[in-house]
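Just below is one structure, and these are the notes that go with it.
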Amino acid sequence: MAYPTLPSNLKPPTPSQPVYREDCTLCFDSIDSSDGLDVCLSCFNGGCAGPRQHSVVHSQHTSHAFAVNIKRTKKHRQRTEPPQKMSKLAIAAETEEDIYDTSTTLKCFTFESSGVSTSTPALGDRQQEVDAVVDGILKANTFARQEEVKAWEQEMIPCEHTLCLEQQTARKIESQFGHCSMCELNENLWLCLTCGNLGCGRAQFGGIGGNSHGLAHTDTSGHPVAVKLGSLTADGNADIYCYACNEERIDPELVAHLANWGIDLAGRQKTEKSLTEQQIEQNLKWEFSMTDDAGRELKPLFGKGLTGLKNLGNSCYLASVVQSLFAMKEFQGRYYRPREEIKWTDRPAEDLETQLRKMADGLLSGRYSAPDSTVHSSIDTAEKPHQKGLAPAMLKHLVGRGHSEFSTMRQQDAFEFLLHLLKLVSRSQSSAGSLYKDVSDPVEAFRFVMEQRLQCLNCKKVRYRQDEMENISVPVPIKRLQSDTTMTNGSSDSAAADKEAKREEFEPVTLSQCLSDFTAIEVVELTCSACSHKQFTKQSLFKTFPTILAVNARRFEIVNWVPTKQDVPVIVPDGELDLSPYRSQGQRPDEELLPEDADLGSSSGGAAFTPHPEALSMLEAMGFPRVRCEKALHATGNTDAETASLWLFEHMEDPDIDTPMDLGGGGGGTGASGADPEKVEALGNMGFNPPQARQALKETGGDMERAVDWLFSHPDAQGIDEIAASAAENADEGKKEIKVDEGPASFGLESIVCHKGGSIHAGHYVAFIKKEPGWVLFNDEKVALGGDVDEMKKFAYIYFFRREGH
């Protein structure tokens with residue numbers, strides 16, 4: 001038997017190197033499985049050692065013959081209470097060693113004509129070297145843990161108010177630490193870094209008192225920055241709040257600023273919870289009720305398609321969306337193929353196709369859906385345990401990689417994540433087709449065409465435009481019924497939280513009414529090329545219908561310049577949702593079309609765009625730069641300031657948010673020959689040839705981001721060469737006539753994603769999915785027969801409807 005030679009360059013993993021020692025990169029078999037997990041000594045890939053032997057697949061393709069098998073078993077001991085929840089405060093939290101026994105075995109893979117065999121090699125004088133590598137693997141943070149660690153840290157930066165802080169004459173205030181300057185409270189005290197005033201904060205989550213006198217001082221003095229005294233530590237950490245920015249900040253000169261008031265950080269110990277720790281504590285309690293109306297615990301469910309996902313720290317937005325998608329037969333048929341082996345790639349943890357197939361296997365096979373004795377609810381320790389849940393760390397890292405928001409561990413908007421994930425899935429189809437047969441894009445089930453009709457109010461000439469879409473986002477009318485009992489919002493000690501919020505009730509609205517408002521005729525300001533009139537009517541209706549209709553219900557309004565989510569009940573029909581009233585009928589026989597090369601401003605993708613003056617003025621009054629205001633109005637139809645402001649808040653981090661728009665006309669790239677050469681070159685740098693780039697820019701009105709999406713969605717596009725482009729300057733090549741969809745327009749509700757909390761960037765997301773036993777609640781790792789689903793449907797954030805007969 002040919003015996004492999006131990007590699008000469010074996011080294012323990014570095015702190016930044018990913019070590020996949022918790023679960024297999026191709027499936028969710030883990031170190032807790034009966035056969036354990038084989039971790040490669042060369043690249044630290046984790047491969048299951050069970051029947052599928054993904055560690056063998058890895059060894060065959062990489063020629064890495066040596067691995068350490070890690071097997072973990074629970075210690076047998078009696079427990080009278082559930083384990084402590086993990087948090088930044090949990091200094092005495094149980095460690096892995098307290099709960100598990102871990103064993104390791106060195107393995108060597110040998111491949112012969114008769115098959116593969118494993119043995120325990122004799123290492124001789126290299127035993128110590130191998131022991132160091134194995135010890136490094138065991139001590140290294142797992143890939144999942146590296147992601148979890150980030151979950152407990154907020155990304156905070158300084159601001160102009162902390163960087164340019166001006167302090168009054170220095171004095172020692174140590175003797176004044178006794179109580180607030182306006183009341184007798186001696187805890188939850190905030191020090192004004194400008195004048196040294198001590199003021200209490202608001203009443204905090206967990207029973208800590210406060211009368212908001214720190215905020216009152218800021219309102220009267222205008223001093224922007226305060227530090228929470230109880231959060232001070234010897235290493236210079238503290239809670240710092242800028243009331244002018246209404247955000248938590250850091251102060252690079254905190255030591256000097258505190259010294260101005262006679263405070264020496266050396267030896268100081270923290271005496272109160274920090275804002276981050278309070279946020280953690282409250283997030284752990286953000287739970288949808290796991291009991292029914294009678295107080296009975298919801299029945300836990302186990303089996304195929306009933307597997308939970310572990311919360312990695314603010315990852316509930318991902319879990320709710322992923323559960324909804326993999327409950328759809330399109331995603332199941334595309335990614336769950338138990339009889340088809342997952343193809344090996346050099347870096348399986350960084351391959352989207354591999355991770356989506358791994359996720360499908362984990363969620364749908366039922367192999368990982370079993371009660372876990374260490375998982376309990378917060379309601380009753382004697383209840384039946386829920387699942388341990390699968391940790392989607394690899395998928396989360398991969399989907400978020402390079403994205404300014406989803407690469408962080410902050411709570412995110414589930415709807416934005418859905419759009420991002422569907423975009424990545426569509427882009428991955430071309431590369432997946434080279435590895436697998438019968439590859440079809442599951443996102444195709446979401447696609448449909450909206451037809452926009454513009455009509456000049458003077459000459460009555462019209463123009464039609466078709467846009468391919470994958471979802472609709474409908475505004476929910478907000479009408480208050482009453483406003484009575486006041487309450488405090490207990491999330492963190494912020495200026496916004498210091499203000500009392502009123503418990504309000506809102507007038508219910510039907511989903512049909514929201515759709516009617518979404519498709520209603522509106523008047524917009526455009527310049528008619530035929531008669532120079534300045535006003536048009538605009539209406540968008542369904543030209544075709546999708547198999548799956550994703551509807552985002554936007555219950556937001558601007559409160560004190562901040563987008564605030566309101567709990568407006570939306571009544572969804574128990575039976576079928578009929579979309580036939582919103583079907584486009586196409587061009588009418590008596591209508592006269594405007595010339596295709598005529599410029600109508602923003603709505604036609606053509607020339608001069610004039611921002612709505614009143615909306616522009618309101619946005620500028622809110623403090624937004626003019627460039628951003630114009631861009632927001634251009635992107636939202638140039639109608640109202642509220643819609644544009646919501647767009648601005650969602651796109652604040654866009655890299656080109658401050659890049660001026662070309663509001664003139666002419667060179668927008670709407671025609672093939674008019675494609676901007678710089679944009680063609682930029683797309684060429686991404687790997688697309690010039691003809692493809694020209695066609696993409698033509699199809700998307702010169703919009704670079706949409707052009708990239710279009711290219712990934714049309715990998716077989718032939719493109720337009722320069723000669724053809726010149727000859728077709730005024731032609732409408734590349735567009736196929738889209739006929740009106742005359743099929744049934746009835747849709748049934750299939751699943752919903754619900755959100756609890758006043759902001760989409762905080763609180764908690766869950767999914768309710770219609771399955772064989774009834775509506776099933778997916779609340780992270782908890783999977784149970786749904787409770788009051790009818791009530792939850794009223795407040796869902798995303799609705800997924802399936803077309804009748806599909």
Side-chain angles (χ1 to χ4, degrees), residues 4 6 10 12-13 17-62 64-77 94-111 115-123 127 130-146 307 310 341-342 344 348-349 354 358 361-362 365-375 387-394:
L6 196 68
L10 286 181
Q17 195 167 2
V19 178
Y20 302 99
R21 68 168 179 87
E22 196 162 58
D23 60 348
C24 176
T25 55
L26 299 183
C27 70
F28 281 100
D29 286 2
S30 68
I31 56 177
D32 297 320
S33 303
S34 58
D35 296 295
L37 187 75
D38 294 335
V39 180
C40 176
L41 296 188
S42 299
C43 66
F44 312 118
N45 178 80
C48 61
R52 285 184 286 186
Q53 294 192 318
H54 287 143
S55 59
V56 174
V57 174
H58 164 263
S59 183
Q60 283 178 316
H61 286 85
T62 62
H64 296 167
F66 293 87
V68 57
N69 178 267
I70 306 175
K71 190 182 300 184
R72 192 172 67 174
T73 55
K74 291 190 183 76
K75 292 182 177 180
H76 296 286
R77 54 179 179 157
E94 290 181 305
T95 65
E96 187 175 305
E97 290 75 14
D98 295 329
I99 305 172
Y100 300 99
D101 288 317
T102 303
S103 62
T104 61
T105 304
L106 196 64
K107 296 174 69 171
C108 176
F109 299 99
T110 306
F111 300 94
V116 62
S117 62
T118 59
S119 60
T120 304
L123 302 176
Q127 182 70 52
V130 172
D131 288 345
V133 176
V134 172
D135 186 58
I137 290 173
L138 293 175
K139 290 181 178 179
N141 272 340
T142 65
F143 181 78
R145 180 59 56 83
Q146 286 178 334
T307 305
K310 181 180 178 182
E341 287 292 329
I342 296 180
W344 176 259
T354 299
K358 171 181 174 177
D361 177 75
S365 67
R367 285 199 310 276
Y368 309 102
S369 182
D372 186 89
S373 60
T374 66
V375 177
Q387 305 173 33
K388 181 179 180 180
L390 304 176
M394 295 182 195

Please report the shortest heavy-atom distance between [X] and [Y], naming the atom on each side.
X: Gly47; Y: Ser55; value: O-CB, 3.6 Å
X: Ile342; Y: Lys358; value: CD1-N, 4.4 Å
X: Ile31; Y: Arg21; value: CG2-O, 3.2 Å
X: Thr25; Y: Thr354; value: O-CG2, 4.1 Å
X: Pro12; Y: Val133; value: N-CG2, 3.9 Å
X: His61; Y: Val57; value: ND1-O, 2.9 Å

Would you say [X] and [Y] make side-chain contact, with heavy atoms under 4.5 Å?
X: Pro51; Y: Asp35; value: yes
X: Cys48; Y: Asp38; value: no
X: Leu106; Y: Leu123; value: yes
X: Ile70; Y: Thr102; value: yes
X: His58; Y: Cys43; value: yes
X: Tyr368; Y: Cys27; value: yes
X: Tyr20; Y: Met394; value: yes

Say you draw a straight line from [atom1] of [X] to [atom2] of [Y]; how long is it, rounded to the nearest 0.5 Å?
X: Asp361; Y: Phe28; atom1: CG; atom2: CZ; result: 8.5 Å
X: Arg367; Y: Thr307; atom1: CZ; atom2: OG1; result: 9.5 Å
X: His64; Y: Phe109; atom1: NE2; atom2: CZ; result: 12.5 Å
X: Lys107; Y: Ser59; atom1: NZ; atom2: OG; result: 10.0 Å
X: Lys388; Y: Ser369; atom1: NZ; atom2: OG; result: 14.0 Å
X: Asp23; Y: Asp29; atom1: CG; atom2: CG; result: 9.0 Å

**Residues which pass ring pair (Phe, Tyr, Trp, His ring centres under 6.0 Å) with His54, listed by chain and number, not counting sequence neighbours** =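 Scan of His54 (ring pair (Phe, Tyr, Trp, His ring centres under 6.0 Å), adjacent residues dropped) gives none.
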**Request:** Using the test salt bridge (Lys or Arg N to Asp or Glu O under 4.0 Å), find all partners of Asp135 that sit at least two apart in sequence or belong to another chain.
**Result:**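 In terms of salt bridge (Lys or Arg N to Asp or Glu O under 4.0 Å), with neighbours along the sequence ignored, Asp135 is linked to Lys139.
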